[in-house]
Each structure stands twice: as structure tokens, then as C-alpha cells.
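Please read all numbers here as calculations on a predicted model, not as lab measurements. Convention: sequence-line order gives letters A, B, ...; per-chain numbering from 1.
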2 protein chains.
Amino acid sequence: MVTKQFSGSADEADLRRADSLAREIFSDVANKWALLIIEALGDRTLRFSELRSEVEGISHKMLTQNLRMLERNGLAARTAHPTVPPRVEYTLTGPGRGLLATVDAMCEWTHRHIADIDEARRRFGD
Amino acid sequence: MVTKQFSGSADEADLRRADSLAREIFSDVANKWALLIIEALGDRTLRFSELRSEVEGISHKMLTQNLRMLERNGLAARTAHPTVPPRVEYTLTGPGRGLLATVDAMCEWTHRHIADIDEARRRFGD
DNA sequence: CTGGATCCAATTGGATACTG
DNA sequence: CAGTATCCAATTGGATCCAG
């Protein structure tokens with residue numbers, strides 16, 4: 001369960017707030033592009049344009065949008081070098097690295113089950 | 001990286017197919033509702049209506065849609081009891097349980113970082 | 001109760017143009 | 001190069017109705 005259930009407590013309100021926050025964070029993070037960006041970053045430091053080519057198929061818009069989100073949540077750090085042309089680098093923060101571990105696990109899971117799933121789909125009828 | 005990179009191999013085509021399959025599976029699974037349903041199921045067996053109340057805020061449509069997807073990929077098993085009214089139960093399969101482990105980790109990560117993230121957001125300016 | 005189908009509003013996301 | 005803004009098509013998702 002993402003949101004632990006609390007009730008009858010003295011500061012029930014605070015706890016409900018934490019719950020809704022948890023759900024909000026989960027919703028931010030549990031999306032395809034965010035996870036792919038995190039996986040692409042890994043423990044490296046990449047420029048915007050590098051990320052764009054590392055994350056296959058992502059559009060300019062989706063990349064900036066998700067990078068802002070990761071930055072806002074403190075999962076990725078943005079460093080702008082005041083050069084011309086501009087050079088902006090992104091890297092995962094501590095919490096971001098923690099999430100990376102689970103994304104790695106998810107990718108590993110995916111690869112371990114490609115064959116199973118492929119067959120399951122055929123059995124399902126496609 | 002979700003899709004391992006291969007090239008120059010004799011059966012390059014097969015490998016590219018596995019890659020695109022991996023990406024497809026990842027896209028199916030890396031979405032809010034799918035992960036919340038998996039987390040709600042855990043190692044239990046739940047009816048459609050039970051799932052609907054366990055997964056806070058999910059609509060009838062999103063639930064059926066995601067359950068079909070999980071079933072199609074062989075991550076959840078559907079058992080229809082031929083009673084009236086119908087009783088349909090869902091449970092995670094072996095691969096589904098494997099994925100559950102990573103979702104659990106992700107939920108744990110979320111709870112561990114609620115405070116960090118809450119503060120990061122404030123620093124970011126909201 | 002489960003679940004498919006449809007309608008329709010709201011959101012998403014890509015393409016493009018423009019700025020520092 | 002990095003990033004924002006806009007336009008617009010396509011997709012999403014909720015509400016509702018119907019059926020087994």
C-alpha cells in the first residue's frame with residue numbers, strides 16, 4: 001500500500017497530509033519517462049542533449065518537463081555552466097540514487113521476464 | 001538502461017525485437033495505476049470490487065483496463081467463478097510477484113523520503 | 001457483480017517558433 | 001545549447017448505459 005492508513009490519532013491531519021504527499025510523489029515518479037530518465041542518468045552526469053539521445057524516443061518537451069519535476073522533488077540536481085553556448089548538466093541526488101536502485105531492479109525484472117511475457121501474450125491471443 | 005544495445009550480431013533482428021519488447025513491457029508496467037494495483041494485490045486474492053476500493057481513486061475503466069493488461073502479460077491471473085452474481089478474483093502470478101518486490105521497494109523509498117521531498121519542493125519554490 | 005462500449009471533456013504530448 | 005511558449009492533434013480517462 002502506498003498510503004498507510006491512519007485514523008483516530010491526535011494529529012490525524014498531519015498523517016493524512018503525509019499520505020496524500022506519498023501518493024503525489026508516487027504519481028510523479030511512477031511514470032515511464034521519469035523512470036527512463038533516472039535509469040539513463042544512473043551515476044553519471046549528463047547534459048540535456050546527451051540525455052535526449054540516451055532516452056530513446058523522448059521529446060524535447062517531455063525531457064524538460066520531467067527534468068523540472070525531478071529537480072523540484074530534489075531527485076536530480078541541475079548545474080548550469082555560464083558559458084556560451086550554455087552547458088547544463090544533470091545528476092541524481094542522494095534520494096534520486098535510492099530510487100535508481102529500485103528502477104534498476106525493475107529493469108532487471110523486465111529483462112528476466114521478456115520470454116515469459118512474450119509467451120503469455122501469445123497465449124492471451126495476440 | 002532498459003534496452004540493452006546490440007549490434008553487428010548474426011541475429012541482430014531477434015535482439016532488436018527483444019529490446020522493443022522490453023521497452024513495451026516497461027511502458028505497460030511503469031504507470032501509476034498498474035503499480036498501485038500490483039501493490040494492492042500483494043500476495044492476496046482480491047475481487048474486482050475489492051480492488052476497486054483498495055486502490056484509492058481508480059475508476060471502473062482504469063481498473064478493468066489495467067487488469068486486462070496485467071492478465072495479458074501474465075502478471076495477474078483472473079479466476080471467474082460461475083456463480084450468480086459473478087465472482088471474479090485476481091491474484092499475482094510468479095512474474096507478478098517478482099514485480100511486486102520492486103514495487104514494494106519503490107513504496108518504501110517513497111515513505112522514506114517524504115520529508116526530504118517535501119522540503120525540496122519548498123526550496124524549489126512552492 | 002463484472003465488464004464491455006460509447007460519449008465527451010480534459011489532458012497529454014509532439015512540432016514548431018522564439019529567446020538568452 | 002538549453003529552455004519556454006504556443007498551437008493543435010491524439011490520447012486519456014471519467015461518467016454512463018447496457019448486458020451476461
A.B. asks: What residues, two or more places apart in sequence or in another chain, satisfy side-chain hydrogen bond (donor to acceptor under 3.5 Å, both in side chains) together with Q65(A)?
C.D. replies: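 Q65(A) satisfies side-chain hydrogen bond (donor to acceptor under 3.5 Å, both in side chains) with no residue once adjacent residues are dropped.
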A.B. asks: Between atom CD in E89(A) and atom P in dA2(D), what is the gap in whole Å?
C.D. replies: 9 Å
A.B. asks: Under the side-chain hydrogen bond (donor to acceptor under 3.5 Å, both in side chains) test, which residues partner R112(A), sequence neighbours left out?
C.D. replies: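 Partners of R112(A) under the side-chain hydrogen bond (donor to acceptor under 3.5 Å, both in side chains) test: E108(A).
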A.B. asks: Round to a whole Å and report the spacing from CZ of R52(A) to P of dA15(C).
C.D. replies: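 From R52(A) CZ to dA15(C) P: 8 Å.
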A.B. asks: Is it true that K32(A) and D28(B) make a salt bridge, defined as a side-chain N closer than 4.0 Å to a carboxylate O?
C.D. replies: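 Result for this pair is no, no salt bridge flagged.
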A.B. asks: Please identify each residue that fulfils side-chain hydrogen bond (donor to acceptor under 3.5 Å, both in side chains) with R72(A), with sequence neighbours left out.
C.D. replies: D126(B)
A.B. asks: How long is the line joining CE of M62(B) and P of dT12(D), in whole Å?
C.D. replies: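 Interatomic distance, CE of M62(B) to P of dT12(D): 8 Å.
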A.B. asks: Got a sec, which residues hit ring-ring contact (aromatic ring centres under 6.0 Å, His included) with H81(A), two or more places apart in sequence or on another chain?
C.D. replies: none
A.B. asks: Provide the full list of salt bridge (charged side-chain N to carboxylate O under 4.0 Å, His left out) pairs with a residue in residues 81-94 of chain A, sequence neighbours left out, each pair given once.
C.D. replies: R87(A)-E89(A)
A.B. asks: Mind grabbing the angle between the end helix axes of the helix from dC1(C)-dG20(D) to dG20(C)-dC1(D)? Five pairs an end, 10° rounding.
C.D. replies: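 One end axis against the other gives 40°.
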A.B. asks: How would you list, by chain and number, every residue that makes a side-chain hydrogen bond (donor to acceptor under 3.5 Å, both in side chains) with D118(B), sequence neighbours excluded?
C.D. replies: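 In terms of side-chain hydrogen bond (donor to acceptor under 3.5 Å, both in side chains), with neighbours along the sequence ignored, D118(B) is linked to R17(A), R122(B).
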A.B. asks: Just the rounded figure in Å: distance from C1' of dT12(D) to CH2 of W33(B).
C.D. replies: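 From W33(B) CH2 to dT12(D) C1': 13 Å.
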A.B. asks: Check the pair R44(B) / E54(B) against salt bridge (Lys or Arg N to Asp or Glu O under 4.0 Å), numbers first and verdict last.
C.D. replies: CA-CA 12 Å; R44(B) 299 181 294 174; E54(B) 289 282 335; 3.4 Å; yes
A.B. asks: Find the distance K32(B):NZ to dG14(D):C1' and express it as a whole number of Å.
C.D. replies: 13 Å
A.B. asks: Who pairs with W109(B) by ring-ring contact (aromatic ring centres under 6.0 Å, His included), at least two apart in sequence or on another chain?
C.D. replies: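 Listed in chain order: H113(B).
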A.B. asks: CG of L46(A) versus P of dA2(D): gap in Å, rounded?
C.D. replies: 11 Å
A.B. asks: Between atom CG in N66(A) and atom P in dG14(C), what is the gap in whole Å?
C.D. replies: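 So the two atoms are 10 Å apart, to the nearest Å.
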A.B. asks: What's the CD1-P distance between I58(A) and dG13(C), to the nearest Å?
C.D. replies: 10 Å
A.B. asks: Could you list, one pair per line, each protein nitrogen or oxygen that sits under 3.5 Å from a nitrogen or oxygen of nucleotides 2-10 of chain C, together with the distance?
C.D. replies:
from, atom 1, to, atom 2, distance (Å)
dT2(C), OP1, R47(B), NE, 3.2
dT2(C), OP1, R47(B), NH2, 3.4
dT2(C), OP1, F48(B), N, 3.4
dT2(C), OP2, S49(B), N, 2.9
dT2(C), OP2, S49(B), OG, 2.8
dG3(C), OP1, R68(B), NH2, 3.2
dG3(C), OP1, R78(B), NE, 2.5
dG3(C), OP1, R78(B), NH2, 2.4
dG3(C), OP1, Y90(B), OH, 3.1
dG3(C), OP2, Y90(B), OH, 2.8
dG3(C), O5', R68(B), NH2, 3.4
dG3(C), N7, H60(B), NE2, 2.9
dG4(C), OP1, R68(B), NE, 3.3

